[in-house]
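Right, one structure below, let's go through it.
Here is the naming used below: chain letters follow the sequence lines, and residue numbers restart at 1 for every chain. All values derive from a computational prediction rather than experimental measurement.
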2 protein chains.
Amino acid sequence: MPKVSFRDQVLRAREDAIVSSVNRLLAEKGFDVMTVDEVAADVGIAKASLYKHFTSKEELAAAAMIRVLDRVLALIVTLEATTKASAVEQLKAVARWTMQVQLAGEMPSLPAQNSALRGALMTNKIYLDRLMEVSDKLGIWITAAQKAGQLNRKLPPEVILYTLFARACDPVLGLLKAGGQHSDEAIIELLLSTCFGGLGGR
Amino acid sequence: MPKVSFRDQVLRAREDAIVSSVNRLLAEKGFDVMTVDEVAADVGIAKASLYKHFTSKEELAAAAMIRVLDRVLALIVTLEATTKASAVEQLKAVARWTMQVQLAGEMPSLPAQNSALRGALMTNKIYLDRLMEVSDKLGIWITAAQKAGQLNRKLPPEVILYTLFARACDPVLGLLKAGGQHSDEAIIELLLSTCFGGLGGR
DNA sequence: GTCTATAGCCAGATAGAC
DNA sequence: GTCTATCTGGCTATAGAC
């Protein structure tokens, strides 16, 4: 019985378009450099109209960050349903996906300690909930993979978790893409290799 | 014959203090968030005086970036003189040092594709020269370590080089430090382990 | 809810006295 | 070369008509 009027659907579609623009601009320029004027121009509406949907630039960015987390959560749930692969394979699949998203120019960078965005996100319950949910689900795979000896047992699980988050925004991807020597697929396989296998020789 | 007047020495000392402040603020907040007013306040001089030494915010930041490169070059030269260690050990020593600098709050983050800073740096000959010099010297060690089988021969050398640069600014360090569970030394050893050895189990 | 227009603020950079 | 005071422009956010 979800009485959703046509009007509401249009509204949601517009908000979705806004969040998509924010997401792309966030990935491209970062929160501090991105301006609300750019977002408005990109969506094709007036800036004042944006503020009818979102009350601040921070909330705009938070919506984009939440959607990214929702996307990765959806992927995780899908992978959970496909129980064929081992824990470490599931983790690699997630890492591969985040790298694809980054190469597609749709992965906002991690909110650094400094960023003005960080403070706003830390008080955003929805964002924190999603972040915790992703962390929990990945944490289960991480400990399972360690138990199975697929991941180094000597590493504290949070080190592995943080590393996976960081690799999703790894600047090495951008540097290699700028170099133009490798295809996107090759870049991703190289980074997965260095992330899980390290730089060292066998 | 280095006729350096006392006045010049005072000048150099002041500029060095400025660059130190910029370096710290750059590491703490990033180029976009850092303001010239903050720098002036931190140094203890008027903003207008800053502009007598450096003509723009970008040049201010470039001076700090160049000094970091000079510091790492000095380290490399010292390590070259100490020929006891293998190539991969030299690389690890450099990586360890950059991580120490980062934990000390003195490592500016890599200028991202987006950053307003990147454009300015790409036209700064001194910066580019230093960057190339560091890259060349590290490149020699990288290929030597690959030849010796200490680093994975299948990895293109530039992938290893970029990875070392990226690990110098790895946000994982900050996340682990914020967690408060590990000492600085432990954090560095964990990251060196995941960087060279990977996340995988043996 | 959409727009145009503008308020209010703060940043980078400069003028000009000393 | 140092300072105080100011210019200029761009940004977030809002007012108010439709």
What is the distance, to the nearest angstrom, from the [atom1] atom on [X] to the [atom2] atom on [N]?
X	N	atom1	atom2	value
B/L60	C/dA13	CG	P	10 Å
B/D32	D/dG10	CG	C1'	14 Å
B/L50	C/dA11	CG	P	15 Å
B/H53	D/dC3	NE2	C1'	13 Å
B/K47	C/dT14	NZ	C1'	10 Å
B/F6	D/dG1	CZ	P	14 Å
B/F54	D/dG1	CZ	P	13 Å
A/L117	D/dT12	CG	C1'	15 Å

The answer to which of B/K52 and B/K57 contacts DNA chain C further toward the 5' end, by nearest nucleotide, is B/K57
Less than 4.0 angstrom between a side-chain N/O of [X] and OP1 or OP2 of [N], yes or no?
X	N	answer
A/S49	C/dC3	yes
A/Y51	D/dT14	no
A/R14	C/dG1	no

Using side-chain heavy atoms (C-beta onward) and a distance below 4.5 Å, is [X] in contact with [Y]?
X	Y	value
B/H53	B/L60	no
A/V134	A/F165	yes
A/L176	A/L191	yes
B/R67	B/S20	yes

Comparing nearest nucleotides in DNA chain D, the 5'-proximal residue of the pair A/V33, A/A48 is A/V33
*asked:* Under 4.0 Å between a side-chain nitrogen and a carboxylate oxygen: does that hold for B/K125 and B/D129?
replied: yes
Note to self: Starting the side chain at C-beta, find the nucleotide from C/dA13, D/dT12, D/dA13 nearest to B/S56.
What the structure shows: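 So the side chain of B/S56 is nearest to C/dA13.
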